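For clarity, every value in this text was computed on a predicted model and none was experimentally measured. Counting starts at 1 for both ligands and their atoms, following the listed order.
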Amino acid sequence: MTFVVTDNCIKCKYTDCVEVCPVDAFHEGPNFLVINPDECIDCTLCEPECPINAIYPEDDVPAGQEGFVALNAELSRDWPVITERKDALPDAKEWEGRPGKLDQLQR
Ligand code: SF4
Ligand code: SF4
């Protein structure tokens with residue numbers, strides 16, 4: 001199994017999650033993070049760190065967001081690893097909790 005970053009992270013990217021990961025499984029894109037399923041060891045540490053509940057176990061991804069499982073695997077092959085917290089995106093608060101942000105995803 002793996003953990004998966006889902007829709008709510010898009011355009012927020014608070015990055016609180018990355019520092020707790022013992023295997024450096026997080027990868028960073030312009031306005032979203034993903035988890036590399038080949039690195040994730042299912043330790044569960046990152047899930048409660050996300051202030052906006054964007055991280056789920058693969059088997060528990062919310063209905064309609066199943067595509068994020070494959071998307072995390074795909075984008076983690078291209079994006080660099082991130083291990084240190086940084087400031088959230090400037091308009092993160094404005095986008096927090098808005099449903100269906102996939103069309104805002106920058107690759
Ligand atoms: S803490 Fe949540 S919003 Fe922030 S980068 Fe991680 S998954 Fe995205
Ligand atoms: S569950 Fe653990 S290993 Fe997997 S991404 Fe989260 S912190 Fe990293």
Among all protein heavy atoms, pick the one closest to [atom] and tell me residue, atom and distance.
| atom | result |
| --- | --- |
| atom 2 (Fe) of ligand 1 | Cys50 SG, 2.2 Å |
| atom 8 (Fe) of ligand 2 | Cys21 SG, 2.4 Å |
| atom 6 (Fe) of ligand 2 | Cys46 SG, 2.3 Å |
| atom 5 (S) of ligand 1 | Thr15 N, 3.1 Å |

Is the backbone N or O of Ile55 less than 3.5 Å from a side-chain atom of Thr6, with the two atoms forming a donor-acceptor pair by type?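 It does not hold such a pair.
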
Look at the side chain of Asn8 and the backbone N and O of Gly97, then say whether any donor-acceptor pair between them is shorter than 3.5 Å.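 Yes, the answer is positive, given that a donor and an acceptor are paired below the 3.5 Å cut-off.
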
What do we get for Asn8 next to ligand 1 when only non-hydrogen atoms under 4.0 Å count, side chain, backbone, both or neither?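 For Asn8, no heavy atom sits under 4.0 Å from ligand 1.
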
Part of Ile55 with heavy atoms under 4.0 Å of ligand 1, whether side chain, backbone, both or neither: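 For Ile55, only side-chain atoms sit under 4.0 Å from ligand 1.
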
Find all atoms of ligand 2 within a distance of less than 4.0 Å from any non-hydrogen atom belonging to [X], and give their numbers and elements.
| X | answer |
| --- | --- |
| Cys40 | 1 (S), 3 (S), 4 (Fe), 5 (S) |
| Cys43 | 1 (S), 2 (Fe), 3 (S), 7 (S) |
| Phe3 | 1 (S) |
| Val23 | 3 (S) |

Show the atoms of ligand 1 that are less than 4.0 angstrom away from any heavy atom in [X].
| X | result |
| --- | --- |
| Asp16 | 1 (S) |
| Ile52 | 3 (S) |
| Val5 | 7 (S) |
| Leu33 | 5 (S) |

What do we get for Ile35 next to ligand 2 when only non-hydrogen atoms under 4.0 Å count, side chain, backbone, both or neither?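 Side chain only; the backbone of Ile35 stays clear of ligand 2.
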
Applying a 4.0 Å heavy-atom criterion (strictly less than), which segment of Thr44 is in contact with ligand 2: side chain, backbone, both, or neither?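 Near ligand 2, Thr44 shows its backbone, while the atoms from C-beta on stay back.
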
Take every heavy atom of Pro51, measure it against each atom of ligand 1, and state whether any distance is under 4.0 Å.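 True for this residue.
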
Please determine whether any non-hydrogen atom of Glu49 lies less than 4.0 Å from an atom of ligand 1.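 In this structure, Glu49 fails to qualify as a contact of ligand 1 - no heavy atom is under 4.0 Å.
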
Value rounded to 0.5 Å, distance of CG in Asp24 from SG in Cys40: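 Separation between the atoms: 12.0 Å.
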
Among the clusters formed by ILVMFWY side chains lying less than 4.5 Å apart, do [X] and [Y] turn up in the same one?
| X | Y | result |
| --- | --- | --- |
| Met1 | Ile41 | no |
| Phe26 | Val69 | yes |
| Trp79 | Phe3 | yes |

Between [X] and [Y], is any pair of side-chain heavy atoms under 4.5 Å apart?
| X | Y | value |
| --- | --- | --- |
| Ile35 | Thr2 | yes |
| Ile10 | Phe68 | yes |
| Gln104 | Trp95 | yes |

Return the minimal non-hydrogen interatomic distance between Cys9 and Leu33, and the atom names on each side.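 Answer, listing the atom of Cys9 first, then Leu33: SG-N, 3.7 Å.
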
Lys11 vs Glu94, test: salt bridge (charged side-chain N to carboxylate O under 4.0 Å, His left out). Steps then yes/no. CA-CA 9 Å; Lys11 286 186 80 86; Glu94 195 184 316; over 6 Å; no

Should we count CG of Asp87 as having more than 12 external heavy atoms under 6.0 Å?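 Atom CG in Asp87 is not packed in, count stays at 12 or less.
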
Closest candidate by heavy atom, reference atom 3 (S) of ligand 1, pool Phe32, Phe26, Tyr56, Tyr14: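 Residue with the shortest heavy-atom distance to the ligand atom: Tyr14.
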
